Amino acid sequence: MPRKKAAAPTIEGAAKAIHAAIRAIPKGTIASYGDIAARVGLPKHARLVARVLSQLSDPAIPWHRVVRAGDRIAFAAGSEGFARQRERLRAEGHTVRDNGQVIAVRRAADLDQELWGGFF
DNA sequence: ACGATGACGCACA
DNA sequence: GTGTGCGCCATCG
């Protein structure tokens, strides 16, 4: 059978997987946009993840656990989104500086190593 | 088709 | 540590 050409990922097509990946971030843990994209098999699509979040409708999704590379809040310091995310992150035990830098208790990117690294 | 726009990421000065 | 530039890629006018 003729192989289907690789279609460009769309919000519609990727939203479900991205939602699931974000819901899977444990409480007290943060992950970057790039982490989420890679997790759903779409490396280099961090911006797609951002787009999904910007149009997020389901309030049950812990969007606040998703930060920019370098553990920085994506919103501009001083914006509403910034304030809300900072509140939520602090509520989960993280420290957030005024400039948006997050001193994370735990990062999803390091979770695997935490689970295995100490034993081998 | 083309250029502008993002809740992005990385290299470099 | 901060600012700037460029790559990336789906969307939109």
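Throughout, protein chains are lettered first and strands after them, A, B, ... in sequence-line order, and every chain is numbered starting at 1. Since the structure is predicted, the reported quantities are computational estimates derived from the model, not experimental observations.
With rounding to the nearest 0.5 angstrom, the CD atom of Glu87(A) is 9.5 Å from the CG atom of Leu89(A). Between the CD1 atom of Ile73(A) and the NE2 atom of His94(A) there is a distance of 10.5 Å, given to the nearest 0.5 Å. To the nearest 0.5 Å, atoms CZ (Arg72(A)) and CZ (Phe82(A)) are separated by 9.0 Å. Atoms CD1 and CG, on Ile30(A) and Asp71(A) in that order, are 4.0 Å from each other to the nearest 0.5 Å. Remark: Ile22(A) CD1 to Leu53(A) CG distance equals 4.5 Å, nearest 0.5 Å. Interatomic distance, Ser79(A) OG to Gln85(A) CD, rounded to the nearest 0.5 Å: 9.0 Å.
Partner of Glu92(A) under the salt bridge (Lys or Arg N to Asp or Glu O under 4.0 Å) criterion, chosen from Lys27(A), Arg65(A), Arg106(A), Arg86(A): Arg65(A).
Between Ile18(A) atom CD1 and dC9(C) atom P the separation is 14 Å, expressed in whole Å. Phe75(A) places its CZ atom 12 Å from the C1' atom of dG6(B), with the value rounded to the nearest Å. Per the geometry, CZ belonging to Arg68(A) stands 13 Å off C1' belonging to dC8(C), to the nearest Å. Between Ile25(A) atom CD1 and dA7(B) atom C1' the separation is 13 Å, expressed in whole Å.
Taking all atoms of both residues into account, the shortest heavy-atom contact from Leu42(A) to Ala14(A) is CD1-CB, 4.0 Å.
No more than 12 heavy atoms of other residues, nucleotides or ligands sit less than 6.0 Å from atom CG of Asp98(A).
DNA chain C is contacted by no residue of residues 85-102 of chain A, taking any non-hydrogen atom closer than 4.0 Å. A heavy atom lying under 4.0 Å from DNA chain C marks the following residues of residues 38-47 of chain A, by number: Lys44(A), His45(A), Arg47(A).
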Between N or O atoms, less than 3.5 Å apart, protein on one side and nucleotides 11-13 of chain C on the other: list the pairs.
from	atom 1	to	atom 2	distance (Å)
dT11(C)	OP1	Ile11(A)	N	2.8

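At a threshold of 4.0 angstrom between heavy atoms, the contacts of Gly34(A) are confined to the sugar-phosphate backbone, with no base atom among them.
Nucleotides dA7(B) and dG13(C) are separated by 15 Å at their P atoms, to the nearest Å.
At least one side-chain heavy atom of Gln55(A) sits less than 4.5 Å from a side-chain heavy atom of Ile11(A). Residues Phe75(A) and Arg68(A) fail the side-chain proximity criterion, which asks for heavy atoms closer than 4.5 Å.
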